[in-house]
Amino acid sequence: MSDDKDETQQRLKAAIHFTVGRLCQKTGEDHQRGFSRQAVAAIAETAFRQCDVFAKDLEAFARHAKRSTVTSEDVKLIARRSTALSIHIQNKTEELNQEKKSTGKRKSRDTEEESKE
Amino acid sequence: MAEKNEDIGFKKDTVSKLLSSFFKEDKTRMSGDAALLMAEMLKVFVREAAVRSQKQAASEDCDQVDIEHFEKILPQLLMDF
């Protein structure tokens, strides 16, 4: 049973490593300076470990608010240390809400048309 | 397909599964929005790591960003997050 968990973690690590590699490649291209394989691996490992920290914090915030589901409010708290980061996350949250509103309008229009038929 | 900076990112499912694997309690789960926002957080984290490492390499007149450049900026990066 614990082997399954390890396998999942390995796959997740690999997925993280892949995207980190692509992000590093893009940054390298933008500044004409490539990243060594070791550097990419180190950044990926750090990102993976940082997720553990994030996850524990998110869980604690949700529990403090007497919820068992982590929401965007909890993520906003995670971003509190840097003002720029806070603002960035706030903007993203509003973007997501805007998208939901426009999708919601489309859905209700569809159901109206269905009932007419 | 031209790859813009905005296109590269972490998948919502990957982030959700990854964070969930670190939760201490089974009943804790993530909302869809939270997963999307955390994917963004992670992307910013990695981008900061990459850009700061690159700047460190530049300040040392190095052609390539090596692990030692990343190690030098890591403490401040962790404090800033």
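Taking both residues in full, the closest heavy atoms of A:Cys51 and B:Leu42 are given as SG-CD1, 3.5 Å, listed atom of the first, atom of the second, then distance. Nearest approach of B:Gln64 to A:Gly34, heavy atoms of both residues: CG-O, 3.2 Å. Closest heavy-atom contact between A:His88 and B:Glu40: NE2-OE2, 2.8 Å. Of all heavy-atom pairs between A:Glu59 and B:Glu25, the closest is OE2-N, 2.8 Å. Closest of all the heavy-atom pairs between B:Phe22 and A:Gln9 is CE2-NE2, 4.1 Å. Among all heavy-atom pairs drawn from B:Ser53 and A:Phe35, the shortest one is CB-CE2, 4.3 Å.
Residues B:Gln54 and A:Thr27 bring no donor and acceptor atom of their side chains to less than 3.5 Å of each other.
Heavy-atom pairs under 4.5 Å with chain A were tallied for B:Thr14, B:Asp80, B:Asp63; the largest tally goes to B:Asp63. Of the listed residues (A:Val20, A:Thr8, A:Val40), the one with the most heavy-atom contacts under 4.5 Å to chain B is A:Val20. The candidate with the highest count of non-hydrogen atom pairs below 4.5 Å against chain A, out of B:His69, B:Lys55, B:Met30, B:Arg29, is B:Arg29. Counting heavy-atom pairs closer than 4.5 Å to chain A, the top-ranked of the candidates B:Ala35, B:Ser31, B:Ser20 is B:Ser31. Per-residue heavy-atom pair counts under 4.5 Å with chain B were compared for A:Gly28, A:Ala79, A:Ala42, A:Ala44, and the maximum is reached by A:Ala42.
Both the backbone and the side chain of A:Ile89 have a heavy atom closer than 4.5 Å to some heavy atom of chain B. For a residue to count as touching a neighbouring chain, one of its non-hydrogen atoms must lie under 4.5 Å from one of that chain's; by this rule B:Asp66 touches chain A with backbone and side chain alike. If you measure heavy-atom distances from A:Lys92 to chain B, the contacts under 4.5 Å come from both the backbone and the side chain. For chain A, the nearby parts of B:Ala58 are the backbone and the side chain; heavy atoms of each come within less than 4.5 Å. Neither the backbone nor the side chain of A:Arg37 comes within contact range of chain B; no heavy atom of the residue lies under 4.5 Å from a heavy atom of that chain. Contact of B:Val44 with chain A is made through the side chain alone, with heavy-atom distances under 4.5 Å. Both the backbone and the side chain of B:Phe23 come within contact range of chain A, with heavy atoms under 4.5 Å apart. Both the backbone and the side chain of B:Leu37 come within contact range of chain A, with heavy atoms under 4.5 Å apart. Neither the backbone nor the side chain of B:Leu77 comes within contact range of chain A; no heavy atom of the residue lies under 4.5 Å from a heavy atom of that chain. When heavy atoms are compared at a cutoff of 4.5 Å, A:Asn97 approaches chain B solely by way of its side chain, counted from C-beta outward. For chain B, no part of A:Glu73 is nearby; none of its heavy atoms comes within less than 4.5 Å. With a threshold of 4.5 angstrom between heavy atoms, A:Ala62 does not approach chain B through any atom at all.
In this structure, CG in B:Leu19 is found 10.0 Å from CG in A:Leu12, a value given to the nearest 0.5 Å.
In the hydrophobic cluster analysis, where Ile, Leu, Val, Met, Phe, Trp and Tyr join through side-chain heavy atoms closer than 4.5 angstrom, A:Ile43 is grouped apart from B:Val51. A:Val53 and A:Phe61 fall into different hydrophobic clusters, where Ile, Leu, Val, Met, Phe, Trp and Tyr residues are linked whenever their side-chain heavy atoms come under 4.5 Å apart, directly or through other members. Side-chain heavy atoms closer than 4.5 Å link hydrophobic residues (I, L, V, M, F, W, Y) into clusters, and following such links, possibly through other members, connects B:Met41 to B:Leu78.
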*For side-chain contact (heavy atoms from CB on, under 4.5 Å), just list the numbers for B:Phe10 and A:Leu23, CA-CA rounded to whole Å, side-chain angles, deciding distance to a tenth of an Å, and then say yes or no.*
CA-CA 10 Å; B:Phe10 293 96; A:Leu23 285 167; 4.1 Å; yes

*asked:* Between B:Leu18 and A:Phe48, does the side-chain contact (heavy atoms from CB on, under 4.5 Å) criterion hold? Intermediate values first, please.
replied: CA-CA 8 Å; B:Leu18 181 56; A:Phe48 185 79; 3.3 Å; yes

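Using the six-membered ring where Trp is involved, B:Phe81 and A:Phe54 have ring planes that are tilted, between 30° and 60° apart.
By the 4.5 Å heavy-atom criterion applied to side chains, A:His31 and B:Val65 are not counted as neighbours. For the pair B:Asp33 and A:Thr93, the minimum side-chain heavy-atom distance is 4.5 Å or more.
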